[in-house]
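First the structure, in the form of structure tokens, and then the observations on it.
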Amino acid sequence: MRENIKIKRTKQGIPKVTANTIEDCMYALGYIHAVDRGMQMIFMKTLGRGRLSELLDASDTSLAIDIFFRRMNWYGRTSKPLSEVEPEKRKWLDSYCLGVNEGFAKTYPFELTLLGVPKETWVIEDCILISRMIGY
């Protein structure tokens with residue numbers, strides 16, 4: 001964890017972030033998401049990329065889900081949205097992804113380890129994918 005970032009949790013487990021810059025705040029947010037919601041993030045990434053059959057379950061139902069998501073192609077077509085992101089906001093997204101990856105380096109969902117799902121670097125395209133899935 002970066003020295004200038006402090007994450008404290010309330011008694012209820014709610015994270016409170018103290019940071020000097022928005023970049024540091026985004027880094028902390030990514031870290032918290034990975035630690036608190038890592039399984040959900042990776043599962044949505046797997047679904048959205050159409051890789052459920054490959055990584056988790058080679059059933060006909062999973063194949064149908066993969067076909068749906070691959071036809072939607074939400075993971076593709078990211079170059080235009082990325083090219084339109086202002087440089088400052090691009091730094092925020094990069095910081096978020098760095099935080100996610102550090103969070104996963106600290107704690108990777110053990111269920112995925114048991115299933116043999118490999119660790120993959122979280123990238124900005126994954127953020128776009130998740131936002132498209134949620135918007136759908």
Side-chain angles (χ1 to χ4, degrees):
M1 179 64 59
R2 296 179 180 176
E3 289 181 19
N4 52 338
I5 299 172
K6 303 289 183 230
I7 300 173
K8 296 193 180 205
R9 293 188 181 263
T10 66
K11 290 179 184 177
Q12 296 80 19
I14 300 168
K16 301 287 183 177
V17 174
T18 303
N20 295 331
T21 66
I22 294 176
E23 277 183 58
D24 288 341
C25 189
M26 294 300 292
Y27 179 93
L29 181 64
Y31 180 88
I32 291 165
H33 282 168
V35 170
D36 290 359
R37 297 283 186 180
M39 181 70 170
Q40 180 181 6
M41 292 172 73
I42 294 168
F43 185 67
M44 287 186 71
K45 176 180 173 174
T46 300
L47 279 175
R49 286 185 174 189
R51 297 180 67 198
L52 184 63
S53 296
E54 172 192 350
L55 297 175
L56 295 174
D57 176 40
S59 67
D60 290 340
T61 302
S62 294
L63 181 59
I65 292 168
D66 285 346
I67 290 169
F68 169 80
F69 280 106
R70 287 188 182 213
R71 283 185 179 151
M72 296 303 283
N73 193 25
W74 288 328
Y75 190 71
R77 303 183 325 234
T78 55
S79 57
K80 186 173 188 310
L82 280 176
S83 69
E84 295 172 352
V85 174
E86 298 169 25
E88 182 181 32
K89 292 183 177 127
R90 174 70 185 242
K91 288 180 185 177
W92 299 351
L93 288 167
D94 286 335
S95 290
Y96 176 84
C97 292
L98 287 172
V100 169
N101 290 319
E102 183 170 326
F104 284 149
K106 179 184 177 196
T107 177
Y108 189 72
F110 77 94
E111 300 91 342
L112 298 177
T113 302
L114 289 174
L115 292 170
V117 176
K119 291 182 185 180
E120 295 178 350
T121 302
W122 193 269
V123 293
I124 295 174
E125 290 84 353
D126 297 324
C127 298
I128 293 170
L129 169 66
I130 300 300
S131 67
R132 287 173 172 172
M133 291 174 72
I134 290 170
Y136 180 76

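In this text, all values refer to a predicted model and were calculated from it rather than measured experimentally. Just so you know, these numbers use all the heavy atoms, side chains as well, and skip hydrogens, waters and symmetry mates. For the single chain, residues carry numbers from 1 onward in sequence order.
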(request) May I ask you to decide if L63's main-chain N or O and S53's side chain share a donor-acceptor pair within less than 3.5 Å? (result) yes
(message) Quick check: closest heavy atoms across A19 and D24, and the distance to 0.1 Å?
(response) CB-CB, 3.7 Å
(message) Strictly below 4.0 Å, N to O, side chains only: are R49 and E54 in salt-bridge contact?
(response) no
(message) Between Y108 and P118 (side chain of the first, backbone of the second, donor and acceptor by atom type, cut-off under 3.5 Å), is there such a pair?
(response) yes
(message) Please say yes or no: joined through hydrophobic side-chain contacts below 4.5 Å, possibly via intermediate residues, are V85 and W74 part of one cluster?
(response) no
(request) Give a yes or no on whether L114 and M41 share a hydrophobic cluster (residues Ile, Leu, Val, Met, Phe, Trp, Tyr; joining criterion: side-chain heavy atoms under 4.5 Å apart). (result) no
(request) Report the distance from atom CG of L47 to atom CG of L129, rounding to the nearest 0.5 Å. (result) 9.5 Å
(request) Decide if atom CZ of R37 counts as having more than 12 heavy atoms of other residues, nucleotides or ligands within a radius under 6.0 Å. (result) no
(message) Nearest 0.5 Å, please: how far is CD1 in I5 from CE in M26?
(response) 11.5 Å
(request) Give the minimum heavy-atom separation between T121 and D126, together with the two atoms involved. (result) O-OD2, 3.7 Å
(request) Identify the two heavy atoms, one from P109 and one from M39, that lie closest to each other, and give their separation to 0.1 Å. (result) CG-N, 3.6 Å
(message) I'd like to check L93 versus K89 (side-chain heavy atoms, cut-off strictly below 4.5 Å). Are they in contact?
(response) no
(message) I want to check something: taking the side chain as every heavy atom from C-beta on, are F104 and I42 in contact at a cut-off of under 4.5 Å?
(response) yes
(message) Go through it in stages, so that I can follow the logic: the residues are V17 and L29, the test is side-chain contact (heavy atoms from CB on, under 4.5 Å), and I'd like the CA-CA distance, side-chain angles, deciding distance and then a yes or no.
(response) CA-CA 8 Å; V17 174; L29 181 64; over 6 Å; no
(message) Return the CD to CE distance between Q40 and M44, rounded to the nearest 0.5 Å.
(response) 6.5 Å
(request) State plainly whether one hydrophobic cluster holds both L98 and Y96, where clusters connect Ile, Leu, Val, Met, Phe, Trp and Tyr through side-chain heavy atoms under 4.5 angstrom apart. (result) no
(request) Indicate if I128 and W122 have the same hydrophobic cluster label, given that clusters are the connected sets of ILVMFWY residues with side-chain heavy-atom separations under 4.5 angstrom. (result) no
(message) Is there a continuous path of hydrophobic side-chain contacts, each under 4.5 Å between heavy atoms, that joins I67 to M72?
(response) no
(request) Go through the side-chain N and O atoms of E23 and T21 and say whether any donor and acceptor fall under 3.5 Å apart. (result) no
(request) Could you tell me the separation between the NZ atom of K45 and the CD atom of E120, rounded to the nearest 0.5 Å? (result) 5.0 Å
(request) Indicate the atoms forming the closest heavy-atom contact of D66 with R51, along with that distance. (result) OD1-N, 3.4 Å
(message) Keeping T78 on the side-chain end and E125 on the backbone end, is there a donor-acceptor pair under 3.5 Å?
(response) no
(request) Could you tell me the separation between the CD1 atom of I22 and the CH2 atom of W92, rounded to the nearest 0.5 Å? (result) 4.0 Å
(message) Tell me if a side-chain donor or acceptor on S95 pairs with a main-chain N or O of K91 at a distance below 3.5 Å.
(response) yes
(request) Mind checking the SG-CG spacing from C127 to L82? Nearest 0.5 Å is all I need. (result) 9.5 Å
